[in-house]
K.L.:
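Let me give you the structure first, and then I'll get to my questions.
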Amino acid sequence: MSSLTILVVGATGSIGVHVVREALARGHHVRALVRSSARAQDLPEGAEVVVGDLTVAETLGAAVDGIDAVVFTHGSHWGSGAAESVDYGAVRNVLTALDGRPVRISLMTAIGTTDRANDGHDWKRRAERLVRASGNAYTVARPGWFDYNEPDERRIVMLQGDLRSTASPADGVIARDQIARVLVEALTTPEADHTTLELVAERGPAQDDLALVFGALVADSTIDGALDKDNMPLTEEPPRVRDDLAAVGQ
Ligand SMILES: NC(=O)c1ccc[n+]([C@@H]2O[C@H](COP(=O)([O-])OP(=O)(O)OC[C@H]3O[C@@H](n4cnc5c(N)ncnc54)[C@H](OP(=O)(O)O)[C@@H]3O)[C@@H](O)[C@H]2O)c1
């Protein structure tokens with residue numbers, strides 16, 4: 001397997017730190033984006049640290065320089081009002097900073113993202129759409145509830161259609177380290193390209209290889225996940241969102 005230079009966005013977060021560790025363990029070069037060098041203290045040793053503001057594209061030049069891949073694990077807190085600037089903005093700004101240079105992308109959003117019950121979901125979904133429109137190879141993973149799994153719930157299950165939206169652990173659960181594994185392994189798994197999946201774990205051991213699990217998915221062919229509900233028509237999207245989609249799809 002070839003070694004990639006991977007930018008981790010949200011590297012200091014609860015999933016990001018696992019992604020950094022997982023990517024280093026697989027022999028990749030890891031570049032961790034942090035908002036200040038003080039925030040980098042708890043990162044695993046061996047990661048390159050780059051400072052930038054994910055809400056401002058102009059600060060991300062050094063972060064994207066020479067990268068092969070990006071793993072997005074960032075996210076604003078529920079009710080903070082920052083879903084557009086952070087959840088969506090980080091994806092738009094990294095793509096803007098890349099200026100059309102191709103990269104392999106893994107994007108983490110959340111199970112229930114296509115449920116339009118709240119504005120935060122819509123901004124995560126718009127971030128997904130930017131990735132799909134960008135022309136890059138990608139995987140969008142929508143995890144269930146972090147670390148609500150029992151110790152024997154390690155069998156990775158990938159769902160499609162985003163049909164679970166109780167906004168509770170009843171929608172599915174998965175350990176943080178397994179989310180990181182899926183995001184990193186997707187980068188080098190051809191079967192994972194152009195897939196959108198809800199990610200949960202069920203009773204049983206983890207699989208050794210995820211190629212078969214990814215390979216059973218229906219590939220995406222539009223700016224939405226392959227089996228997503230058609231409940232966010234582009235014609236009703238804000239003009240600035242349509243402009244961003246046009247800009248990344250150049
Ligand atoms: N909890 C769950 O069960 C669950 C399930 C599915 C999906 N999710 C989603 O997962 C996402 C991440 O959750 P988490 O618990 O991993 O969050 P977290 O630990 O707070 O990590 C969030 C990351 O995003 C970065 N970030 C947030 N706001 C920023 C800003 N304004 N500027 C720069 N960086 C910023 C943080 O940087 P700093 O370290 O500098 O703050 C951190 O690296 C959330 O959006 C959530 O919706 C959660």
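In this text the structure is predicted, and so the values were computed from the model without any measurement. We count ligands from 1, going down the list as the structure has it; atoms in each ligand are counted the same way.
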K.L.:
By number and element, which atoms of ligand 1 are closer than 4.0 Å to a non-hydrogen atom of Lys124?
P.N.:
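Under 4.0 Å from Lys124, ligand 1 has these atoms: 44 (C), 45 (O), 46 (C), 47 (O).
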K.L.:
For Leu234, run the side-chain contact (heavy atoms from CB on, under 4.5 Å) check against Glu236, Glu237, Met232 and tell me which one passes.
P.N.:
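Option passing the side-chain contact (heavy atoms from CB on, under 4.5 Å) with Leu234: Glu237.
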K.L.:
So if I count the atoms of ligand 1 from 1 in the order they appear, which ones are less than 4.0 Å from some heavy atom of Gly10?
P.N.:
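Contacts of ligand 1 toward Gly10, numbered from 1: 43 (O).
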K.L.:
Who's the nearest protein heavy-atom neighbour of atom 35 (C) of ligand 1, and how far?
P.N.:
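Answer for atom 35 (C) of ligand 1: Arg35 NH2, 3.7 Å.
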K.L.:
For atom 18 (P) of ligand 1, which of the options Ala141, Gly112, Ser14, Ala90 provides the nearest non-hydrogen atom?
P.N.:
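It is Ser14 whose heavy atom sits nearest to atom 18 (P) of ligand 1.
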K.L.:
How far is atom 31 (N) of ligand 1 from the closest protein heavy atom, and which atom is that?
P.N.:
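Sorting protein heavy atoms by distance from atom 31 (N) of ligand 1 puts Val86 CG2, 3.3 Å first.
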K.L.:
Among protein heavy atoms, which sits nearest to atom 11 (C) of ligand 1, and what does the distance come to when rounded to 0.1 Å?
P.N.:
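It is Met108 CE, 3.9 Å.
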K.L.:
Quick check on contacts: which atoms of ligand 1 are under 4.0 angstrom from a heavy atom of Thr109?
P.N.:
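Checking each atom against Thr109, I get 7 (C).
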K.L.:
Testing the basics here: between Ile15 and Leu183, what is the closest heavy-atom pair and its distance to 0.1 Å?
P.N.:
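Scanning both residues completely, I find the closest heavy atoms to be CG2-CD1, 4.2 Å.
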K.L.:
Can you figure out which of Arg176, Arg39, Glu198 has its heavy atom closest to atom 38 (P) of ligand 1?
P.N.:
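Closest candidate by heavy-atom distance is Arg39.
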K.L.:
Counting from 1, what ligand 1 atoms have a heavy atom of His74 closer than 4.0 Å?
P.N.:
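Counting atoms of ligand 1 from 1, those under 4.0 Å from His74 are 23 (C), 24 (O).
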K.L.:
Are Leu4 and Leu33 linked, directly or through other ILVMFWY residues, by side chains that come within less than 4.5 angstrom of each other?
P.N.:
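No; Leu33 is not reachable from Leu4 via cluster members.
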K.L.:
Any sub-3.5 Å donor-acceptor pair from His121's side-chain atoms to Gly112's backbone N or O?
P.N.:
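A pair under 3.5 Å: yes.
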K.L.:
So which protein heavy atom does atom 34 (N) of ligand 1 come closest to, and at what separation?
P.N.:
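The protein heavy atom lying closest is Leu54 CD2, 3.5 Å.
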K.L.:
Under a 3.5 Å distance rule, please check whether Ser168 uses its side chain to pair with a backbone N or O of Ala170 as donor and acceptor.
P.N.:
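Pair found, side chain donor or acceptor close to backbone of Ala170.
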K.L.:
Is it the case that the side chain of Asp68 and the backbone of Thr5 share a donor-acceptor pair, with hydrogens and angles ignored and the cut-off at 3.5 Å?
P.N.:
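Yes; judged by distance alone, with no hydrogens or angles, the pair exists.
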K.L.:
For atom 21 (O) of ligand 1, grab the closest protein heavy atom and report residue, atom and distance to one decimal in Å.
P.N.:
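Result for atom 21 (O) of ligand 1: Gly13 CA, 3.2 Å.
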K.L.:
Measure from atom 8 (N) of ligand 1 to every heavy atom in Trp123, Phe146, Trp78 and give the option owning the shortest one.
P.N.:
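Comparing heavy atoms across Trp123, Phe146, Trp78, the nearest one to atom 8 (N) of ligand 1 lies in Phe146.
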K.L.:
Are any of the N/O atoms on Thr73, whether in the backbone or the side chain, positioned under 3.5 angstrom from an N/O atom of ligand 1?
P.N.:
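Min N/O separation from ligand 1 is not below 3.5 Å for Thr73.
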K.L.:
Could you find the nearest protein heavy atom to atom 20 (O) of ligand 1 and give me its residue, atom name and distance?
P.N.:
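Minimum-distance protein heavy atom for atom 20 (O) of ligand 1 reads His77 NE2, 3.0 Å.
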K.L.:
At what distance, to the nearest 0.5 angstrom, does CD1 of Ile156 lie from CD1 of Ile179?
P.N.:
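Output value for this atom pair is 9.5 Å.
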K.L.:
Salt-bridge test for Glu198 and Arg142: reply yes if a basic N is under 4.0 Å from a carboxylate O, no otherwise.
P.N.:
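Answer for the salt bridge query: yes.
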K.L.:
Going by an N to O cut-off under 4.0 Å, is there a salt bridge joining Arg203 and Glu150?
P.N.:
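Looking at Arg203 and Glu150, the cut-off is not met.
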K.L.:
With the threshold set at under 4.0 angstrom, would you say Gly16 reaches ligand 1 through any of its heavy atoms?
P.N.:
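Not so, Gly16 does not reach ligand 1.
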K.L.:
Could you tell me whether Arg142 approaches ligand 1 through its side chain, its backbone, both or neither, with non-hydrogen atoms closer than 4.0 Å?
P.N.:
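Neither part.
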K.L.:
Nearest 0.5 Å please: distance from the CZ atom of Arg125 over to the CG atom of Asp228.
P.N.:
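So the CZ of Arg125 and the CG of Asp228 are separated by 5.5 Å.
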K.L.:
Has Ser85 got any heavy atom lying under 4.0 angstrom from an atom of ligand 1?
P.N.:
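No heavy atom of Ser85 comes that close to ligand 1.
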K.L.:
For Thr12, which part has a heavy atom under 4.0 Å from ligand 1: side chain, backbone, both, or neither?
P.N.:
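Both of them.
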K.L.:
Is it the side chain (CB and beyond), the backbone, both or neither of Asp87 that lies under 4.0 Å from ligand 1, heavy atoms counted?
P.N.:
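Near ligand 1, Asp87 shows its side chain, while the N, CA, C and O stay back.
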K.L.:
How long is the span from the OG1 atom in Thr73 to the NE2 atom in His18, to the nearest 0.5 Å?
P.N.:
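These two atoms lie 10.5 Å from each other.
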K.L.:
Is there a donor-acceptor contact under 3.5 Å from the side chain of Gln160 to the main chain of Thr196?
P.N.:
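Pair found, side chain donor or acceptor close to backbone of Thr196.
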K.L.:
Nearest heavy atom to atom 27 (C) of ligand 1 wins, so pick from Ser76, Gly75, Ala110.
P.N.:
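It is Gly75 that holds the nearest heavy atom.
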